Amino acid sequence: MEVNVKPTSKNFSQLHDYLILIFLFFMIMSVNSGYYHIQNFKLNLNDPSKTFIGLINSVRYIMPFIIFVYAIFKIVYDKRTLDTFTIAFIIYSIFQLIVLSIYPRDKNIIEINSPQIIDSIHLLISCVTTFLLISIIRNKSKILKIFILGVLLLFCIIWIYFFLKIFYEVTFVDIRDSYFYFTDALRPGEMFLEQANPRITGLSRIAGLIFIFSFVVINFKKKFDLFYYFSSIMCFFTSLSIYASQTRGGLLIIMLMLIVYIIFLKKEIIKKISFIIVYILIPILVYENIYRPFIINKSIISEDGEIINKDNNSLKLDDEKYNSRLKKLKKKDIQTYTSGRTEIWRKSINIIVTKKYIFGFGPQADRYLLAKYAKNDLEAAWGNNSSNGLVYCVMTAGIVGLLFFIFIFYKILSLIYMYYFKFNIFKKNDYFKVICFIYLAVMLSRIGFENGFFVFGIDFIIMVSTYYFLFFTKNLKKSSFNNLK
């Protein structure tokens, strides 16, 4: 006897939701992919691994275009309405494309110090596609929650791999610095899976996001289970790696987490002090008093135990090579505090004003214009990023970009304000919402010294996913891991 089981519309709806989830993962996997992946792809049967990696990178680059077509079709077919936050980003992206078509770009500059035009278009398409995908699963916070957790798992894998590589390089191979900032393990000229090595600043940011997640979990979770102990270990070692990296962005994340923890989280003062000691101070002490002295001694003592330089000349370079980069902050030079960013901001605004780009210069205008008007090749290569969300918006879309920045800043700040003052988020035992709240605040703070989420990338993915998770669940009482609704 045969039984015909007809799939219901609910089954199709759930399958479609998970299809959108897969598409969202494709979007984050497309970060840092480029047209050069398509250009360099060759079918080489003698080297199947290289061929496979090349194929994967090519798919990473192409998928946002394919998903974009599907997302447009789905939005139109279902007659879905878009919220003002999404509409603002779409208008901003379309306006940049219009400006891009108006102002021609020198091919010589593009080939050397500026991204390809197709790559700039790819970033805009990826940005719009991500918003459209989230609009398709509107109010389905379960999908966004799984996505955020999946992204964090991916970050954990990346962080573990590269910091183990850095640790091995510094400990057993060669030492360029007693901190990880100038490690040879991340040589700019080398490739990882046919892609340039990540920068230590990017890895430190990833470590910071893992640190926040782990720190909040061990403070809110009441049950001492395997997940709690895993979070504790991750919290300790991400804290240690951030300090060892000496990146100001990573250290700023820890500082913001400390401010939130001390001022807003309602915990006994003894518990707060103990947490700070265990997860902030002890990692620093371990690095400064155990690991760092070991690698410094190793760098000036040969394998047979003889001093390499009896005059100890290697240690005469203390201020530049062995001392903490944070000591430079003692200098009263604004360029030191901002790593030269204030000068870049001045140059960026000066270019827009003097050249009268009232409506900006299109996507990634900072990369092109700062390279075009640089004094020399070195400045063109290293000083072609505006490193500020407001400056970037003005360079890409002029007056329209300025209005867009104000609107987006207002929308995010309004959501943060609502969750803190109206919903009293820190008084509730909903640590996933707290994590998203802190992530959103961190992403908002980062636009002060980076282009941040105004360019498609990690910051953009984190901002959009956490913003809409909080937006979708603002009327729900709880969104714990055991209540995926």
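Owing to the predicted nature of the structure, the values given are computational and were not obtained by experimental measurement. Below, each value reflects all heavy atoms present in this structure, side chains not excepted, and no hydrogens, waters or symmetry copies.
- With hydrogens and angles disregarded, a donor-acceptor distance shorter than 3.5 Å links the side chain of Thr51 to the backbone of Asn44.
- Taking the ring centroids of Phe456 and His122, they lie at or beyond the 6.0 Å cut-off.
- Between the side chain of Tyr468 and the backbone N or O of Leu144 there is no donor-acceptor pair closer than 3.5 Å.
- Using modelled atom types and a 3.5 Å distance limit, the side chains of Tyr61 and Asp119 yield a donor-acceptor pair.
- Ring-centre distance between Phe131 and Phe89: below the 6.0 Å cut-off.
- Ring centers of Tyr179 and Tyr287: under 6.0 Å apart, within the cut-off.
- Side chains of Leu369 and Lys355 form no contact here, defined as non-hydrogen atoms less than 4.5 Å apart.
- Counting all heavy atoms, side chain and backbone alike, Trp345 lies closest to Ser387 at NE1-O, 3.2 Å.
- Screening Asp366, Thr396, Asp459, Asn388 for a side chain to side chain donor-acceptor pair (under 3.5 Å) with Asn451, the sole residue that qualifies is Asp366.
- If you look at Phe213 and Tyr439, their ring centroids are not closer than 6.0 Å.
- One finds no salt bridge joining Arg205 and Glu450 here, because no Lys/Arg side-chain nitrogen approaches an Asp/Glu carboxylate oxygen to under 4.0 Å.
- Residues meeting the side-chain hydrogen bond (donor to acceptor under 3.5 Å, both in side chains) test with Tyr161, sequence neighbours left out: none.
- Phe41 and Tyr36 have their aromatic ring centers separated by at least 6.0 angstrom.
- A ring-centre distance under 6.0 Å is found for Phe426 and Phe437.
- Side-chain contact of Ser204 with Thr247: a donor-acceptor pair under 3.5 Å is present, judged by distance alone.
- Between the side chains of Asn139 and Ser141, no donor-acceptor pair is found at a separation under 3.5 Å.
- Between Phe432 and Phe469, the gap from one ring centroid to the other is short of 6.0 Å.
- Remark: Ser120 pairs with Gln364 by the side-chain hydrogen bond (donor to acceptor under 3.5 Å, both in side chains) rule, at least two apart or across chains.
- Tested against Arg138, the residues Thr86, Asp83, Thr81 include a single side chain to side chain donor-acceptor pair (under 3.5 Å) partner, Asp83.
- Contact check for Ser239 versus Tyr279: no side-chain heavy atoms found under the 4.5 Å cut-off.
- The six-membered or imidazole ring of Phe404 lies near that of Phe454, with a centre-to-centre distance under 6.0 Å.
- Shown here for Met29 and Arg60, the closest heavy-atom pair between the two residues is O-NE, 2.5 Å.
- Tyr419 is listed as a side-chain neighbour of Lys433, based on a closest heavy-atom distance under 4.5 Å.
- Considering only heavy atoms from C-beta on, Phe23 comes within 4.5 Å of Tyr70 through its side chain.
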